[in-house]
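Let me begin by presenting the structure, written as structure tokens, before commenting on it.
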Protein chains: 2
Amino acid sequence: MELDDRKFKILEAVIRNYLQTGEPVGSRTISKDSDMALSSATIRNEMADLEEMGYIIQPHTSAGRIPTDKGYRLYVDSILRQKEHEISRRDALIKKRENELAKIKEEYASKMDRVEEVMQAVARTLANDTNYTTMISSSVGGGHKIKFVQLSRVEQHKLLVVIVMENNIIRNKVFMISETLSDESLLKLNMMLNTTVTGLTVEELERQLVRLERENGSQPLLREVLDIIFETVRNADDVQIVTGGTTNIFKYPELCVSEIARDLITALEDKKGLSSLISPVSPDDGSIRFYIGEETPVKSMKDCSVVTATYELSDGVSGTIGIIGPKRMDYEMVVETLNNIRMRLDDLFKKS
Amino acid sequence: MELDDRKFKILEAVIRNYLQTGEPVGSRTISKDSDMALSSATIRNEMADLEEMGYIIQPHTSAGRIPTDKGYRLYVDSILRQKEHEISRRDALIKKRENELAKIKEEYASKMDRVEEVMQAVARTLANDTNYTTMISSSVGGGHKIKFVQLSRVEQHKLLVVIVMENNIIRNKVFMISETLSDESLLKLNMMLNTTVTGLTVEELERQLVRLERENGSQPLLREVLDIIFETVRNADDVQIVTGGTTNIFKYPELCVSEIARDLITALEDKKGLSSLISPVSPDDGSIRFYIGEETPVKSMKDCSVVTATYELSDGVSGTIGIIGPKRMDYEMVVETLNNIRMRLDDLFKKS
DNA sequence: GTTAGCACTCATTTGTTTTGAGTGCTAACA
DNA sequence: TGTTAGCACTCAAAACAAATGAGTGCTAAC
């Protein structure tokens with residue numbers, strides 16, 4: 001069977017309606033609401049076809065139809081295709097978002113060193129605006145350079161190492177050393193670190209490590225310090241994920257079922273699990289990615305849709321923003337929003 | 001009416017039973033289960049009295065009784081009173097907890113600089129063990145001393161300040177300066193900082209600030225740096241609260257009602273709100289504090305009980321551990337657990 | 001190809017009955 | 001005087017039974 005234009009229009013109408021109401025939609029509704037001048041009977045025939053083709057389904061015999069994952073997928077793809085031609089609500093949205101972001105910017109300009117906090121703020125704002133749950137990851141894939149390393153003595157046998165990465169993530173670590181270290185040695189060590197380590201990525205650092213350790217094999221202290229730096233940097237280069245608006249899921253009855261809600265919240269707490277929504281970074285076409293229902297890699301989100309977008313900042317830092325909501329989320333709005341925030345995120349982060 | 005010994009025993013039996021089942025308990029059950037050789041009729045009479053006195057209540061006419069907040073309170077107080085004489089399950093519990101904590105210790109010994117992470121781990125473990133939701137705060141009331149301050153140049157006009165507090169919380173901040181700063185000036189600044197700032201608490205620092213700024217009034221840079229340090233330290237001295245096992249609330253049907261669950265989770269996300277469970281620090285009698293039902297300062301927890309204990313570490317660091325669960329939580333176990341973890345927490349933190 | 005009409009389905013709502021756990025009260029008992 | 005057996009009573013919850021109505025599929029006519 002062929003999906004002709006009329007069938008598609010009907011499918012679209014069904015989905016649009018379902019997005020709003022969350023209730024199965026019947027032929028009569030479509031016949032009246034849509035601008036196609038067709039009787040309910042005709043619609044009915046078409047809907048039967050659409051069901052046969054797998055785009056919609058009846059929850060039970062005498063109910064209206066609701067979209068299947070396949071139906072959503074078709075709809076979403078079509079939205080994306082015509083997105084660029086649209087201007088619709090964009091103006092209003094942009095204005096709103098600009099205000100919001102200005103607020104974040106102001107409030108957090110002074111805290112830019114704590115990248116997590118900014119992410120947190122963005123996640124929350126975004127969740128507030130969209131009424132969905134959000135997640136933001138930073139630094140997908142690592143590969144950032146070390147900008148600055150410094151070793152200082154905090155107590156007699158206690159050293160502090162501070163590392164600043166180029167994406168302004170700062171890590172520090174206190175550790176004990178067994179031998180005593182003179183001030184000179186510390187100074188020398190610092191100088192050496194800054195000449196050998198600065199500018200390297202984690203991977204490069206790892207390679208460098210092997211070499212350095214071979215050359216200075218006999219210096220256990222140096223070895224120890226380098227190991228700790230490596231460990232710390234690797235840690236800093238980890239993907240960080242923060243979430244916002246977790247409780248927004250309670251706004252959608254279909255997710256309120258206590259079992260579903262519990263699993264969802266558990267999944268949202270488990271940052272490791274979330275990273276599967278990020279890892280398969282597409283070649284940076286900057287595109288937006290949809291996981292509808294069963295498509296998602298996180299099982300407990302099978303009743304949700306997840307929309308992700310990658311952002312890429314000027315200094316090579318990149319990450320992913322995700323929006324998690326019911327399958328009947330307002331995809332258009334979400335796409336707009338994501339596109340938008342992606343652009344502005346750049347400003348925000350560049351500022352520091 | 002007087003609450004004689006028999007009445008109390010019956011009340012206790014009712015509560016014990018309800019803690020386990022979560023169902024209203026009738027006179028017949030008590031008559032059979034308890035070791036008092038009394039018929040259900042007699043129990044019934046006593047229960048009628050207990051209800052009149054406000055310790056138990058009938059959810060509806062033909063149902064058994066459930067404890068009121070007042071009933072729980074009586075029960076809890078009595079547990080506390082005889083706690084010291086008991087040894088009951090303690091041995092088994094201690095063993096279990098020792099294992100758990102050993103694991104945390106091992107895993108996190110190397111991360112002790114990130115106090116939050118350790119707290120997080122403890123919270124999670126505790127939640128796992130008890131099946132309730134947990135929260136841990138650190139550094140109630142502030143008043144910690146600054147152990148170490150260091151200023152370094154990251155880029156031409158970008159400085160990094162690192163501050164280590166005596167409780168090993170580390171804070172850092174990157175900030176821009178307008179004027180150029182020579183290496184010497186930086187060195188001098190650092191030396192000055194470490195002589196004037198180290199050893200002060202936030203409050204003392206604030207007072208010091210005023211003085212310093214008067215003396216060196218003309219040095220805008222110094223003023224700027226000091227302000228930033230102050231800001232950062234105040235931030236570091238903030239109460240930090242982490243939670244664990246949020247989703248445990250779904251284990252108790254009476255909390256699963258979507259409205260209650262939503263409000264609870266929202267409350268748990270709102271760390272500021274949680275601090276009201278902490279702020280009224282009792283004169284450090286190290287006692288355990290119970291909030292039963294409506295007694296809690298957090299409205300959305302009116303269907304829960306919250307048990308908190310303060311811990312106090314050797315170096316003057318202190319905080320609060322809280323356990324949040326249904327009103328019918330296993331109070332005895334919770335008390336044991338809290339007493340226990342409080343002792344061990346000391347070890348854990350001292351290690352760093 | 002479209003539509004009106006009709007019989008049919010079935011989740012949901014509403015009402016009714018049954019069941020049973022639990023009570024309060026009274027009268028008898030120790 | 002405190003305890004208990006017995007009985008009538010209450011009421012939530014479970015089970016059952018229409019009634020409702022939104023929505024369908026199919027057929028026959030336009």
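Bear in mind that the values here come from a model prediction, so they are computed numbers and not experimental data. Atoms considered below: every heavy atom in the structure, side chains included; atoms not considered: hydrogens, waters and symmetry mates. The chains referred to below are lettered A, B, ... by the order of the sequence lines, with proteins before strands, and numbering in each begins at 1.
Taking a 6.0 Å sphere around CD of Gln20(B), one finds it holds 12 or fewer heavy atoms contributed by other residues, nucleotides or ligands. No more than 12 heavy atoms of other residues, nucleotides or ligands shown are found within 6.0 angstrom of CD1 on Ile57(B). Around the NZ atom of Lys9(B), the shell of radius 6.0 Å holds no more than 12 heavy atoms that belong to other residues, nucleotides or ligands.
For Arg44(B), no side-chain nitrogen or oxygen approaches OP1 or OP2 of dT3(D) to under 4.0 Å. Regarding contacts with the backbone of dT3(D), a side-chain N or O of Arg6(B) is found under 4.0 angstrom from either OP1 or OP2. Close to dT2(C), at under 4.0 Å from its OP1 or OP2, lies no side-chain N or O of Thr42(A).
The residue Ala63(B) sits close only to the backbone: its heavy atoms come under 4.0 Å of sugar-phosphate atoms, none of a base. Counting non-hydrogen atoms under 4.0 angstrom, Ser40(B) reaches nothing in the nucleic acid. Thr61(B) comes within contact range of the sugar-phosphate backbone alone, with a heavy-atom separation under 4.0 Å but no base atom that close.
Distance, Glu23(B) CD to dG22(C) C1': 13 Å, rounded to whole Å. The distance from atom NZ of Lys7(B) to atom P of dT3(D) is 10 Å, rounded to the nearest whole Å. Across the protein-nucleic acid pair, Ile43(B) atom CD1 and dG24(C) atom C1' stand 15 Å apart, rounded to whole Å. What separates CG of Asp5(B) from C1' of dG2(D) is a distance of 17 Å, to the nearest Å. Residue Ile66(A) contributes atom CD1, which lies 13 Å from atom P of dT24(D) at whole-angstrom precision. Straight-line distance from the CD atom of Glu2(B) to the P atom of dG2(D): 14 Å, rounded to whole Å. Here dT23(C) presents its C1' atom at 15 Å from CD1 of Ile57(B), a figure rounded to the nearest Å. Between the C1' atom of dG23(D) and the CD atom of Gln58(A) lies a distance of 8 Å, rounded to the nearest Å.
Checked by distance alone, Arg28(A) brings no side-chain donor or acceptor within 3.5 Å of a matching partner on the base of dG23(D). In this model, a side-chain donor or acceptor of Ser62(B) finds a partner on the base of dC11(D) within 3.5 Å.
Residues Asn45(A) and Ala37(B) each lie close to DNA chain D; by heavy-atom proximity, the contact nearer the 5' end of the strand is made by Ala37(B).
Pair assignment for dT1(D) gives dA30(C), based on Watson-Crick or G-U wobble hydrogen-bonding distances that are each under 3.5 Å. The pairing partner recorded for dA19(D) is dT12(C), the criterion being a Watson-Crick or G-U wobble arrangement whose two distances lie under 3.5 angstrom. Across all strands shown, the partner of dC30(D) is dG1(C), judged by Watson-Crick or G-U wobble contacts whose two distances both fall under 3.5 Å.
You'll find that the side chain of Ala48(A) is closest to dG25(D), out of dT24(D), dG25(D), dT3(C).
Aromatic pair Phe290(B)/Tyr72(B): ring centres not closer than 6.0 Å.
Among the candidates Arg65(B), Lys70(B), Lys7(B), the single residue satisfying the salt bridge (Lys or Arg N to Asp or Glu O under 4.0 Å) test with Glu51(B) is Arg65(B).
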